[in-house]
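Right, one structure below, let's go through it.
In each ligand, atom 1 is the first atom listed, and ligand 1 is the first ligand listed.
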Amino acid sequence: MTAINPVTTLEIEDGIAVLTLDSPPVNALSATVRAGIRDGVAQASADPAVQGIVLICAGKTFIAGADITEFGKPPVGPALQEVQALIEDAPKPVVAAIHGTALGGGLEVALVCHYRVATRSAKCGLPEVKLGLLPGAGGTQRLPRIVGAARALEMVTSGEHVPAAAAAEMGLVDALTDDAALRADAIAFTRKVIAEGRPLRKVRDLNEKVEAARGQPELFAEFRRANARRFRGFDAPEYNIRCIEAAVNLPFDQGLATERKLFLELMQGTQSAAQRYYFFASRQVWNLPDVPADTPLIPVKRVGIIGAGTMGGGIAMNFLNAGIPVTIVETAQPALERGVRTIRANYDNTARKGRLSAAAVEQRIALLTPTLDLAQLADADLVIEAVFEDMAVKKEVFGKLDKIAKPGAILATNTSALDVNEIAASTSRPESVIGLHFFSPANVMKLLEVVRGDQTSKPVIRTSMELARKIGKIAALVGVCPGFVGNRMLAQRQREAQKLVLEGALPWDVDRVLYQFGFPMGPFAMSDLAGLDLGWTREKSSSSTLREILCEMDRRGQKTGAGYYDYDEKRNAKPSPVVEQIIRDFAARQGKSSRTVSDQEILERCIYPMINEGARILQEGKAIRASDIDVVWVNGYGWPVYRGGPMCYADTIGLDKVLATMKRFEAELGADFKPARLLEDLVAQGKRFADLK
Ligand code: 3HC
Ligand code: NAI
């Protein structure tokens, strides 16, 4: 065996050169990996003893793509295209042996090999769109030449990973093997290619499928139309589509040049920078500076949930889905039955859509034990409380639970804003208490805020984070403060939205600006959806806020056909002249005169105080890093990922600009805009949130 470089070896086995890449964790195409492939292929091509070449990877995966850490930095080492040309033009067959995932640049390398062999468990994909990019190494030109334009459009704009069997069906891979036999089978396949005198097939020369789509602009127009909602706000999907159009309409080399040009445009834009930032942010969250990776885990084999309402039911489903038995407790039979019915209805719905088999539904339901007896939680390893948001009720529940739960069990609360330390103090074991703040609907939303109390033990924290990962959530570890990270920042936006409408903006103006910014909906549409009467009672209502007035009029949101908006029977929203008048009258009663509020002011008033609050959260140590806050906002509140998250967005527009605007607002509008100390400090030091270590 010859070492080509620190990550590449070459071994010749009976006339077949096996070029092995070993660059953990994912064999990304770093400069060293690219150099290794180039030098290895060159050496094997020149060696008269070599008849064919197998390109294979060590570790858990084939090449998972370009090395994203190199993006945005000056280029070093050989260009990927140079390496690809060497493979494609090699005088002997080159066969890619794929296991794990062949993604992005990894698949693009495989696509310049003359043949591809993959394990049955492997997956192939071009996920660049998720990084705000397009496949920039010929992927957009070669893929449609194998799978056709329609399938290629879907693959490059969704970034989906295609399982090996489907890839084989489409012709993306030529043979499937068992996981353990990949190397031997790839060598045997190469020998067969040589023995049968098969051609050195170049995907670039396969024109039949792209020619079939030529002269059909409606294919692309229809694809754009059908996916307009999914692609809203994102640059990359449209760029990917244009590349497939180029593949269909232009000769290969011109298509490649189009791809190159569009790739560089995206790479230089703010969207891709934000989406690449988010890629690393979403992996950083698991890294807990003061909770080492070897902190012992608490085995969680049985879960208890208290409260089978909106949240309790959804939370239960997460564990049932992961095969973990759940005991769910209610105070009365009707509530318990309602809760179980809702869980079943949710599963049945999924089954109806063909996303779950009937047997799987039954398996999951069979793991659920409904009960009215709290004592049944005695053997639970983790108990999650999801009762009413009322401190007295929660304390009572935790007091009782303390007497029932086994020693070492994790006692979690799903409170969305209450003091986890105070809840913990109602037990004799505050070290076992933690907040697990799921978002609604809890079986769907990806985010989990893991709220560490002052005394929460490290095993409890680590186990909670690992469990979050196991049930498919993305978790951020946060500290105790009102509303934690997400709702605490949201409160800033809500406050300003309410103030803005009293100053002259209308709810639909505020909503339009935030929708255009990229949120799925604005705050008023959101309130209508959630119900304006959440936490409202007629007895205590005193017409003191707009919300109270609307509830008193039975305008409680979508469910009553009217809220801030009027709704038709299909729940389409229309601005309400009635509400407009109510707002004008209410503002007048408060002595406020109406003025024209610009869209820019709406945006800055809603977003900058959130950023400022994020800075306070960091300054108080309630979030580990700025990027964790961004993960919370992208996954819990629909912040557009192409803007990275509020803290990334602030870095993008410039903290000095945010600070100057906050100061101007503070002078004009008062203390709600007082800049956070951290924001002032960073600006003074010429730093960004991303520079905080
Ligand atoms: N470049 C650099 N680092 C990468 C990387 C990449 N392409 N892909 C993964 N990593 C790193 C992660 O940051 C992580 O680092 P950490 O341990 O320090 O946090 C580590 O590898 C492991 O990654 P995951 O935690 O994501 O591991 P999983 O096993 O869950 O997933 C994976 C593996 C499916 C390969 C997943 O990492 C992934 O989807 N990676 C990105 C794939 C991708 O987007 N490829 C396209 C890149 S762009 C491109 O190729 C451009 C080309 O067209 C020119
Ligand atoms: P809900 O009112 O739908 O459900 C609460 C359930 O708890 C009811 O079914 C009630 O009968 C039951 N319950 C009350 N006391 C009980 C007790 N002592 N023992 C057993 N069951 C008891 O409320 P929801 O919306 O599910 O909220 C629950 C918790 O989750 C609250 O703390 C809330 O702040 C939090 N939360 C709610 C979110 C939401 O969007 N609804 C989002 C995130 C957190």
Below 4.0 Å from ligand 1: does a non-hydrogen atom of T61 turn up there or not? no

* Protein non-hydrogen atom found under 4.0 Å from atom 30 (O) of ligand 1 -> no

In this structure, atom 28 (P) of ligand 1 is nearest to the protein heavy atom K60 NZ, 3.8 Å

If we number the atoms of ligand 1 from 1 as shown, the ones under 4.0 Å from a heavy atom of E108 are 52 (C), 53 (O), 54 (C)

Within 45° cone and under 6.0 Å: R493 NZ/CZ vs F519 ring:
yes

A student checking ligand 2 against V397 at a 4.0 Å heavy-atom cut-off should list atoms 18 (N)

Counting heavy atoms under 4.0 Å, the part of L131 that contacts ligand 1 is side chain

Check: Measuring to protein heavy atoms, does anything land under 4.0 Å from atom 48 (S) of ligand 1?
Finding: yes

- prompt: Any Lys/Arg nitrogen of E466 or R469 sitting under 4.0 Å from an Asp/Glu carboxylate oxygen of the other?
  reply: yes

Side-chain H-bond candidate by donor/acceptor type, E88 with Q84, under 3.5 Å
no

min-distance protein heavy atom vs atom 1 (N) of ligand 1 -> I68 N, 2.9 Å

In ligand 2, the atoms that come under 4.0 Å of a heavy atom of H437 are 43 (C), 44 (C)

Taking only non-hydrogen atoms of G139, do any sit less than 4.0 angstrom from ligand 1?
no

One should read off an interatomic distance between L382 CG and L377 CG, to the nearest 0.5 angstrom, of 10.5 Å

Among non-hydrogen protein atoms, atom 12 (C) of ligand 1 lies closest to R283 CD, 3.9 Å

Closest to atom 40 (N) of ligand 1 among protein heavy atoms sits F279 CZ, 3.6 Å

Open item on the list: If we count only non-hydrogen protein atoms and require a distance under 4.0 Å, does atom 51 (C) of ligand 1 qualify as touching the protein?
Closed with: yes

**OP:** Indicate yes or no: does an N/O atom of G104 lie under 3.5 Å from an N/O atom of ligand 1?
**Re:** no

With the threshold set strictly below 4.0 angstrom, can you tell me whether any protein non-hydrogen atom sits that near atom 21 (O) of ligand 1?
yes

Does the protein put a heavy atom less than 4.0 Å from atom 8 (N) of ligand 1?
yes

Identify every side-chain donor-acceptor pair in residues 61-70 under 3.5 Å, counting partners at least two apart or on other chains, and give the distances.
{"unit_1": "T61", "atom_1": "OG1", "unit_2": "T101", "atom_2": "N", "d": "2.8"}
{"unit_1": "T61", "atom_1": "OG1", "unit_2": "T101", "atom_2": "O", "d": "2.9"}
{"unit_1": "T61", "atom_1": "OG1", "unit_2": "T101", "atom_2": "OG1", "d": "3.0"}
{"unit_1": "D67", "atom_1": "OD1", "unit_2": "T69", "atom_2": "N", "d": "3.0"}
{"unit_1": "D67", "atom_1": "OD1", "unit_2": "T69", "atom_2": "OG1", "d": "2.5"}
{"unit_1": "D67", "atom_1": "OD2", "unit_2": "T69", "atom_2": "OG1", "d": "3.3"}
{"unit_1": "E70", "atom_1": "OE1", "unit_2": "R34", "atom_2": "NH1", "d": "2.9"}
{"unit_1": "E70", "atom_1": "OE2", "unit_2": "A31", "atom_2": "N", "d": "2.8"}

Quick one about E259 and T140 (side-chain donor to acceptor, distance below 3.5 Å, no hydrogens or angles considered), yes or no? yes

One finds that the ligand 1 atoms under 4.0 Å from a non-hydrogen atom of P127 are 43 (C), 44 (O), 45 (N)

For F280, the ligand 1 atoms with a heavy-atom partner under 4.0 Å come out as 13 (O)

A student checking ligand 2 against F438 at a 4.0 Å heavy-atom cut-off should list atoms 42 (C), 43 (C), 44 (C)

Quick one: does NZ or CZ of R283 land under 6.0 Å from the six-membered ring centre of F279, within 45 degrees of the ring axis?
yes

Counting from 1 in the order shown, the ligand 2 atoms closer than 4.0 Å to a non-hydrogen atom of V329 are 20 (C), 21 (N)

So the atoms of ligand 1 within less than 4.0 Å of a heavy atom of P135 turn out to be 53 (O)

In this structure, atom 14 (C) of ligand 2 is nearest to the protein heavy atom F388 CE1, 3.5 Å

dist Q494:CD -> N487:CG (nearest 0.5 Å) comes out at 9.0 Å

Tell me whether ligand 1 is touched by L133 - counting only heavy atoms on the residue side and a distance under 4.0 Å.
no

- prompt: Is the backbone N or O of G139 less than 3.5 Å from a side-chain atom of E108, with the two atoms forming a donor-acceptor pair by type?
  reply: yes

Under 4.0 Å between heavy atoms, the region of K130 that gets near ligand 1 turns out to be neither

**Request:** Report yes or no: does F439 have a heavy atom closer than 4.0 Å to ligand 2?
**Result:** no

Those residues at least two apart in sequence (or on a different chain) that pass side-chain hydrogen bond (donor to acceptor under 3.5 Å, both in side chains) with D528 are Y567

Note: ligand 1 atoms sitting under 4.0 Å from heavy atoms of G65 are 45 (N), 50 (O)

Original post:
Does the N or O separation between E128 and ligand 1 drop below 3.5 Å for any pair?
Top reply: yes

Within 4.0 Å of some non-hydrogen atom of G309, the atoms of ligand 2 are 3 (O), 4 (O), 6 (C), 9 (O), 26 (O)

With heavy atoms and a 4.0 Å threshold, my read on which part of A66 contacts ligand 1 is both

Within the 4.5 Å heavy-atom criterion, are E449 and V632 side-chain neighbours or not? yes

for atom 42 (C) of ligand 1, nearest protein heavy atom and its distance come out as A64 O, 3.2 Å

Any N or O of E330 that comes nearer than 3.5 Å to an N or O of ligand 2?
yes

Parallel, tilted or perpendicular: rings of H437 and F439 (30°, 60°)
tilted

Item to check | Neighbour count >12 (heavy atoms, 6.0 Å) for atom NZ, K123 | outcome: no

inquiry  = Could you check whether any heavy atom of E396 sits closer than 4.0 Å to an atom of ligand 2, since that is the contact criterion I want to use?
reply    = no

Among non-hydrogen protein atoms, atom 2 (C) of ligand 1 lies closest to D67 OD1, 3.3 Å

heavy-atom search around atom 27 (O) of ligand 2 in the protein gives M311 CG, 3.8 Å

Atoms of ligand 2 under 4.0 Å from any heavy atom of K394, numbered from 1 in the order shown, are 31 (C), 32 (O)

Taking distance alone, with N or O pairs closer than 3.5 Å, would you say H161 contacts ligand 1? no

If you scan protein heavy atoms around atom 34 (C) of ligand 1, the nearest is L103 CD1, 4.0 Å

Give a yes or no on whether atom 24 (P) of ligand 1 lies under 4.0 Å from any heavy atom of the protein. yes

query: Within 4.0 Å of atom 23 (O) of ligand 2 (strictly less), any protein heavy atom?
result: no

| Does the side chain of D179 pick up a donor-acceptor pair with the side chain of S121 at under 3.5 Å? | yes

Here the atoms of ligand 2 under 4.0 Å from any heavy atom belonging to T310 are 3 (O), 25 (O), 26 (O)

When rounded to the nearest 0.5 Å, the distance separating CZ of F398 from CD of E385 is 5.0 Å

of all protein heavy atoms, closest to atom 5 (C) of ligand 1 is V26 CG2, 3.7 Å

Side chains of P523 and L490, heavy atoms from C-beta outward: is any pair under 4.5 Å?
no

Closest to atom 35 (C) of ligand 2 (heavy atoms only, candidates V387, N414, L436) is N414

Under 4.0 Å from one or more heavy atoms of I306, ligand 2 contributes atoms 19 (N), 20 (C)

